[in-house]
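Residue numbering restarts at 1 for every chain, and letters A, B, ... go by the order of the sequence lines.
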Amino acid sequence: MGNTALPKDPYSIIITGVGGQGNVMASRVLANMLVRRGYQITIGETFGASQRGGSVMSHIRISQNATWSPQIPKGKADVVVTLEPIEAIRVLMTYGNPDVQVLTNTRPIYPVGVISGELAYPSIEEIQESVKDLSAHAWFVDATEEAIKMGNPILGNIIMIGAVAGIGALPVDRADFEEVIKENLPAGTLEVNLQAFDVGVAKVTA
Amino acid sequence: MSKLIDENEGAQYLYMGNEAIARGALEAGISLASGYPGTPSSEIIENLAKVAGERNLYVEWSTNEKVAMEVAAAASFAQLRSLCVMKQNGVNVASDFLLHLAGSGTRGGMVLVTCDDPGALSSVNEGESRHFFRMVEVPLLEPGDFQEAKDMTKWAFELSEELRSLVAVRSVTRMSHASGNVKIGKLPSTDKQAEFRYSGFILDPMEGIVGSAPVAFRHAEQQEKIKKVREIFEDCPFNTYEGPEKPDLLVITSSACTLYSREAINLLGLQDRVGLLKIGTTWPLPPRLLTKYLSLTDRILIVEEVLPFLEDNVKIIAAEQAKAIGVKTFYGKNNGTIPTAGEMNPDHVVAAFCKILNIEYVTMSSEYEQRAQLLGFTLVPNREQTFCPGCPHRASFWSIHNALQLDNRKGFVCGDIGCYTMAMLPTGFSTLKTVHSMGSGTGIASGFGKLGPFGMDQPVLSVCGDSTFYHAAMPALVNAVHHKSNIIMIVLDNSGTAMTGFQPHPGLAVSAMGDEVPAIDVAKICEAVGARVEVRDPFNLKETPDTLLELMEDQEGAKVLILRQKCALSPERKAKKYFEMQVDEERCIGEECGCNRLCTRILRCPGLFWDKEKKTARIDEVLCAGCGVCSYICPEEAIIRKEVA
């Protein structure tokens, strides 16, 4: 049994992004943090062929005591974390609702159709307006830029986990993160991951 | 220590479905595991390989699924427990041996795990492996959650030994590639002794000869096993019912669809109206159990993926028991209540409940939905699949496409299975014109190459990856050489089974367990077969198309071009770029250049994009993998590569 009551049961989170951004890793870290708190977790992941530059999505279901569907029903996401900004709107089209909370990394990864000039990519302002319009709360974090400053763009996903913990939408904290990183990632990476986590927290609480 | 071999019985972990299956096999005390990589199955063998030393296992990535099953069977014949793993169409490859193994029976517990891919999330088919097990008469189990994935796998070995038959466990993508809490059990001793006994009475199942003949005797024996297992399944704890004593509707389901059905019942608050019969023992179905639950109500909905397999088998029992249970109304795939193609999800089950029970449910308020759809359609660009930045395939298909254009005789390429299947799409310049199963590109090409007498003079090319070469393309090449079929087989050798996560294959000097093994060279095999062989680096955009043009001139039978370059995601390439790339903004004359943005419009590498404000190409320093290929294609030589020391 989880040690804190959930706002809803099941409580549903989507982590989305583009293949290669560390989406699957982010969802496992967050899920393991919740398992430590005694919750029953189900994660559904789309990867494989979609790893190759396509959209990637993880669905995380949190429950006090039941295993739920690895696919969230339409319109039922409670929290959406996107590692790429346009993916936020893509996810909200199917899983959004007026009460959803959204955290968005602001660094675009252009689809090949945009690179080739066949498709247009909207401005970050347009994306922000739309995400705000489709959510109850929206946070925008320049996670990749911060991660590049720290020396590795992949840390953007950890910064986003810090941000999720920072907004208080989930019953997890820094100690849970530290334990999960110690258990699952190679020794020597703890310090930089904790730094990234703290950057994420600061971005949404400052 | 890996959580997969934690000895702390009763501890709870978040396991991926594939990890749960691997743990179940370890708790059953397997000694050998074999398979061929294929999404969504690959993590089972990968995880077992990692703990092979600690758990005294022999683990291998076999050349193909048929060999994998034969290797696993040998361990069973020597009285060890063995696991064999593959994706859905792998069972097709293994099916000839499967039929004969079903006939011969097994000794040590042997379990085949097949991971199907409903919706073809990472496949070019959504084939159903379940039909094989009814066809060859082998018991079939399907786990309904992650705990069951572990527990059921373990139990499958016990069942296999009780019956002396292979037992199949079928997973799906949303089980294998999903994760959930799993409480672990005990790991047994790893001390095992192998011996193959053959000196007893010839028909003795444990000490005679192992084979499917004499067929009349063995087949009858096999059918006795099926009768026995049907009885065992009557009281199996993996078949469960939840819901009211007299439901308005009974749902019969299995596998991940159990979770979708439960979710839909919860969403609509139908706990008092809908009963859920979850079947873990999908074939052969236990008739008394089914009869009991079919008696509860007159309306039955069957929810499953992909084809109506469970549905057909339930209907047989319902027909046989019609006198006792009355006439039922069935809803499912056959009457169109549930879609017959693609994967299931909670919303499909919700829609079925609404239709059958005549209830209303709003997924999303229409006001919100309209706003979201409008913003989505106006703002969100489609994200097409693409080769990774620095992928050798992009370079290979650039050269192949250009060589075919220059040759100008309507030449074409027969495709195969791997990341390079995406060369059907613009990312590979839409170069592939046929795509079927493993090795089929070269087989089909071999046929095309013999159509000259009927007036076909188009150059015929095929592609296959290095792992695919060993798996199934070798016999096709032998066929082409032997029959003097005028083709060019291009082996896209990226040094690993890249698509599924770099599993080793016979071309590499390392095994699944990390041991040193002899590497079998593709070029030497092709030469030994008698083909003319050329080897090039696909990143060299000058030599590769020239070689191809020259090979197309050569009308003498089958030729092989090996394009050798490591995958951009390989540890070696990820560790170090070949080149630092840069666009010289002075030299790039942007829209003034006659090239019409050749670099970004046609090459379409995610690492290179068009800066609309500056009107020049630019390198995305986060994504660029430093392959240097784009430097070849700029007519102004504005893309500059600097070798990384």
Where do [X] and [Y] come nearest, in terms of heavy atoms and distance?
X        : Y        : answer
B:Met364 : A:Tyr95  : CE-N, 4.0 Å
A:Leu134 : B:Tyr368 : O-OH, 2.6 Å
B:Leu14  : A:Ala31  : CD2-CB, 3.4 Å
A:Thr67  : B:Asp145 : CG2-CB, 4.3 Å
A:Pro122 : B:Leu379 : CD-O, 3.2 Å
A:Lys76  : B:Thr363 : NZ-O, 4.4 Å

Contacting moiety of [X], where chain A heavy atoms sit under 4.5 Å:
X        : answer
B:Leu623 : side chain
B:Gln370 : neither
B:Arg174 : both
B:Tyr15  : neither
B:Asp117 : neither
B:Cys599 : neither
B:Leu267 : side chain

Hey, is the main chain of [Y] close enough, under 3.5 Å, to the side chain of [X] for a donor-acceptor pair?
X        : Y        : value
B:Arg601 : A:Glu118 : no
B:Asp347 : A:Pro73  : no
B:Glu263 : A:Ile72  : no
A:Tyr110 : B:Pro606 : no
B:Arg383 : A:Val18  : no

Heavy-atom pairs under 4.5 Å with chain A are the metric here; pick the option from [options] that has the most.
options                               : value
B:Arg262, B:Lys612, B:Gln12, B:Arg597 : B:Arg597
B:Asn382, B:Asp620, B:Thr600          : B:Thr600
B:Pro346, B:Gly180, B:Pro381          : B:Pro381
B:Glu343, B:Met175, B:Glu369          : B:Glu343
B:Thr258, B:Asn266, B:Leu603          : B:Asn266

Chain B heavy atoms under 4.5 Å from [X]: which part of the residue, side chain, backbone, both or neither?
X        : result
A:Gln21  : neither
A:Ile148 : side chain
A:Thr94  : backbone

4.5 Å side-chain heavy-atom contact, [X] and [Y]:
X        : Y        : value
A:Pro111 : B:Glu384 : no
A:Pro70  : B:Ser179 : no
A:Arg107 : B:Val622 : yes
B:Phe146 : A:Thr42  : yes
B:Leu375 : A:Leu92  : no

Q. Nearest 0.5 Å, what's the CG-OG distance between A:Asn97 and B:Ser365?
A. 9.0 Å

Q) Distance from B:Arg371 atom CZ to A:Met93 atom CE, nearest 0.5 Å? A) 13.5 Å

Q.
As an exercise: rank A:Ala66, A:Gly96, A:Gly75, A:Ser27 by heavy-atom pairs under 4.5 Å with chain B and give me the winner.
A. A:Gly96

Q. Looking at A:Pro98, A:Pro153, A:Gly113, which one has more heavy-atom pairs under 4.5 Å with chain B than the rest?
A. A:Pro98

**Q.** Close contacts, residues 173-199 of chain A versus chain B, judged by heavy atoms under 4.5 Å
**A.** none

